[in-house]
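Below is one structure, written out as structure tokens, with a few remarks after it.
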Amino acid sequence: MEEVTNSAIKTPDSSEGLSASRIRETRIEKLSALREQGINPYPYKFEKTHNNEGIQQKYQDLPAGEETQDVISVAGRVMAIRNSGMFIDLMDSTGKLQLFSHKENLDEATLALVKQIDIGDFVGATGTIRRTPRGELSVKTQSLQLLSKSLLPLPEKFHGLTDKETRYRQRYLDLIMNEETRDTLRKRSLIISAIRQFFLNKGFLEVETPMLQTLAGGAAAKPFITHHNALDLEMYLRIAPELYLKRLIVGGISEKVFELNRNFRNEGLSPKHNPEFTMIEAYQAYADYHDMMELTEELVSSVAQQVLGTQTINYQGHEISLNRPWKRLTMIEAVKDETGEDFNQIQTREEAHQSAKKLGLETDPAWGWGKILEFIFEEKVEPKLIQPVHIIDYPKETSPLAKVHRSDSRLVERFETRINGWEVANAFSELSDPLDQRARFEAQLKAREAGDEEAHQLDEDYITALEYGMPPTGGLGLGLDRLVMLLTNSPSIRDVIAFPTMRPK
RNA sequence: GCGUCCAUAGCUCAGCUGGUAGAGCACUCCCCUUUUAAGGGAUAGGUCCUGCGUUCGAAUCGCAGUGGACGCACCA
């Protein structure tokens, strides 16, 4: 088990040049030297009594030059070595702490070990706490243990790792070198945790629905295709959990359900799109889209308050207030306010085409009234919506899963929440009429036959479920990654996903 | 998919109108025991992304490719 094969020694990472591989070879030689001294460079356990932040806090009032007799043990990665090992910067997940290893305080073996420590190694240290005359809180080392030998050189200590490609491909290096990355990904975790707690506190039941589906429904997007061998069946990675969550509402497992998990869409990559991304979907029986607006506002503002301690955020130079209530604007009003074109007056498809033309927009002759309204909205209004706003009452023809508006049959009860111009949430009064649902699916099928690859597929079993009866239900979908981008001021979705999709090198 | 820009040591970067590659950090060795990007000295480290071309001569110019960033398209 202690044997190291020649091939292990002689196979450096293919991306390394000579300089790095020489450093690596030197360090492998150090491994043998350590073992000859009876030191296992990869031991099993260390009794760590404190983390670095805990020490910094506990002794924050210790004056410079003072020393305590408290004996503690800390552990972490060596980030810098000064004065031939007398000073070591030790980093753990909570922060930095200096080790002070004076030759007068150490036995010969420990002093020898200090000399063999390299930047990047994990070490554990036991000693007393003192603050140096220059004010740096330090562990005055009594004993030192190597906890893991690092074989590869870390990036430069001052400039760190800045190359974006390397930061995404070797996220572990990015995390070691960049506090900002650690902070962003930790905040992501806190945000997820706050969201989960928010729903649980409101009585929502967390559920899981299939990622592998025989029919990729619930959204308009291209799916990833895969194959199940035993069933000899073409399957899809889900593009949305929506139709399964509503089946659970039909079944009555709970009147409130939510799922927080991955969706997969076979589309382009961009600073706002990753092929796999995290979606929060929530469904509440006996509720409508007005209730979902309340839920969305409460969720986002309370998560910001909890994780950031404020509801005013700064995103790439824009100050955004998440304080409730958020503005609500129908799509028709939004278009009228911005362009003067009033789709309450524009009734026919021909008039709609003319309206778009007047605004300098090119339309596809196949588009109907609703599609053109939505297109004008996206082109002319959307980029200007920086502050949170619910855009409500979408055209029926582009929303096949939403219930017809109770007072305008051209529209559905749907809203999208825009923050910084982005679609952050999408919600409906869910369509519960099975016959209408079938008609809407059939319209989508026609669009699919006409070449729209992303039109919804017809899900017979879902219609069957609706035929057994689904209560009036409000549904909400919320893109987690974009929310995290906003709350962490991250310019790219890749900054908020630990391992973003990359082409293999 | 299209366009623009980028690719030089492990990392961060210089390298001029074409003349054959440099710095700092890291590594190795020496000095140095109260440092904070420690300091001083000496060494070592290169497929200049790949290929083809132009040229007496290419890191540098051209074409193609690969990878990346950004923008557009796609994302109803």
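Chain A is the first sequence line, chain B the second, and so forth, proteins listed ahead of strands; every chain is numbered from 1.
At a threshold of 4.5 Å between non-hydrogen side-chain atoms, the residues A:D121 and A:K30 do not count as touching. A 4.5 Å side-chain heavy-atom check between A:M502 and A:L269 finds every atom pair outside the cut-off.
Applying the 4.0 Å criterion to OP1 and OP2 of B:A69, one finds that A:R494 has a side-chain N or O inside that range. Contact between the side-chain N/O atoms of A:R503 and the OP1/OP2 oxygens of B:G68 is found at a separation under 4.0 Å. Side-chain N/O atoms of A:R169 include one lying less than 4.0 angstrom from OP1 or OP2 on B:G68. Between A:T162 and B:U12, a side-chain N or O to OP1/OP2 separation shorter than 4.0 Å is present.
A:F375 comes within 4.0 angstrom of nothing in the nucleic acid, heavy atoms only. Using a 4.0 Å heavy-atom cutoff across all strands shown, A:K115 reaches at least one base atom of the nucleic acid. Within 4.0 Å (heavy atoms only), A:K371 reaches sugar-phosphate atoms of the nucleic acid but no base atom. Within 4.0 Å of A:R130, counting heavy atoms only, lies at least one base atom of the nucleic acid. Residue A:E136 is in base contact, counting any heavy-atom pair closer than 4.0 Å across all strands shown. A:S84 comes within 4.0 angstrom of a nucleotide base, judged by non-hydrogen atoms across all strands. No contact: A:K140 has no heavy atom under 4.0 Å from any strand. Within the nucleic acid shown, A:D89 has no heavy atom closer than 4.0 Å to any nucleic acid atom. If you check every strand for non-hydrogen atoms under 4.0 Å, A:G85 touches nothing. As judged by a 4.0 angstrom heavy-atom cut-off over every strand, A:T132 is placed among the base-contacting residues.
Between the P atoms of B:C56 and B:A44, the separation comes to 36 Å (whole Å). Using P as the reference atom, B:C16 and B:G62 are 14 Å apart when rounded to the nearest Å. The C1' atoms of B:G15 and B:A59 are separated by 8 Å, rounded to the nearest whole Å. Atom C1' of B:C48 sits at a distance of 38 Å from the matching atom of B:C32, rounded to the whole Å. Between B:U17 and B:A58, the distance separating the two C1' atoms is 14 Å to the nearest Å. Look at the P atom in both B:C74 and B:C6: the space between them is 28 Å, to the nearest Å. Only the C1' atoms considered, B:A7 is 35 Å distant from B:G41, to the nearest whole Å. Distance check on atom C1': B:A42 versus B:U47 gives 29 Å, rounded to whole Å.
Shown here is A:Q316, whose CD atom has more than 12 heavy atoms of other residues, nucleotides or ligands within 6.0 Å. Within a 6.0 Å radius of CD in A:Q60, other residues, nucleotides and ligands contribute more than 12 heavy atoms. Around the CD atom of A:E180, the shell of radius 6.0 Å holds no more than 12 heavy atoms that belong to other residues, nucleotides or ligands. Within 6.0 Å of atom NZ in A:K336, 12 or fewer heavy atoms from other residues, nucleotides or ligands are found, so the atom counts as exposed in its surroundings.
The side chain of A:E156 sits closest to B:C11 out of B:U33, B:C27, B:C11. With B:U36, B:C27, B:G71 as the choices, the nucleotide that has an atom nearest any side-chain atom of A:R27 turns out to be B:C27. Side chain of A:N83, nearest nucleotide from B:U34, B:C11, B:C74: B:U34. The side chain of A:R22 has B:A44 as its nearest neighbour among B:A44, B:A38, B:U12.
A:I88 has its CD1 atom 17 Å from the P atom of B:U33, to the nearest Å. As a whole-Å value, the separation of A:I28 CD1 from B:C27 P is 17 Å. Going from atom CG of A:L173 over to atom C1' of B:G10 covers 10 Å, rounded to whole Å. One atom, CD1 of A:I493, and another, C1' of B:C70, lie 16 Å apart when rounded to the nearest Å. Spacing between atom CG of A:N266 and atom P of B:G1 amounts to 13 Å, rounded to whole angstrom units. Atom CG in A:L154 sits roughly 21 Å away from atom P in B:G24 (whole-Å rounding). Look at NE2 on A:H159: it is 13 Å from P on B:A26, rounded to the nearest Å. The distance between atom CD of A:E267 and atom P of B:G1, rounded to the nearest whole Å, is 15 Å.
Taking the six-membered ring where tryptophan is involved, the planes of A:F441 and A:Y462 are perpendicular, since the angle between them exceeds 60° and thus also 30°.
Remark: of the listed residues A:R414, A:K403, A:E413, A:H405, A:E413 is the sole one forming a side chain to side chain donor-acceptor pair (under 3.5 Å) with A:S429.
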Checklist entry - What would the secondary structure line of RNA chain B be in dot-bracket form, counting Watson-Crick and G-U wobble pairs under 3.5 Å, with [ ] for pairs that cross earlier ones and | for pairs with another strand? => result (((((((..((((.....[..))))..((((.......))))......(((((..]....))))))))))))....
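Nearer to the 5' terminus of RNA chain B, by closest-nucleotide assignment, is the contact made by A:P133 (compared with the other of A:E397 and A:P133). For A:K157 and A:A220, each mapped to the nucleotide of RNA chain B holding its nearest heavy atom, the one lying further toward the 5' end belongs to A:K157.
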Item to check | A:R494 vs A:N274, side chain to side chain donor-acceptor pair (under 3.5 Å): CA-CA, chis, key distance, verdict | outcome: CA-CA 8 Å; A:R494 297 182 157 201; A:N274 197 64; 4.8 Å; no
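Annotation: cation-pi geometry satisfied between A:R130 and A:F100 (NZ/CZ under 6.0 angstrom from ring centroid, within 45° of ring axis).
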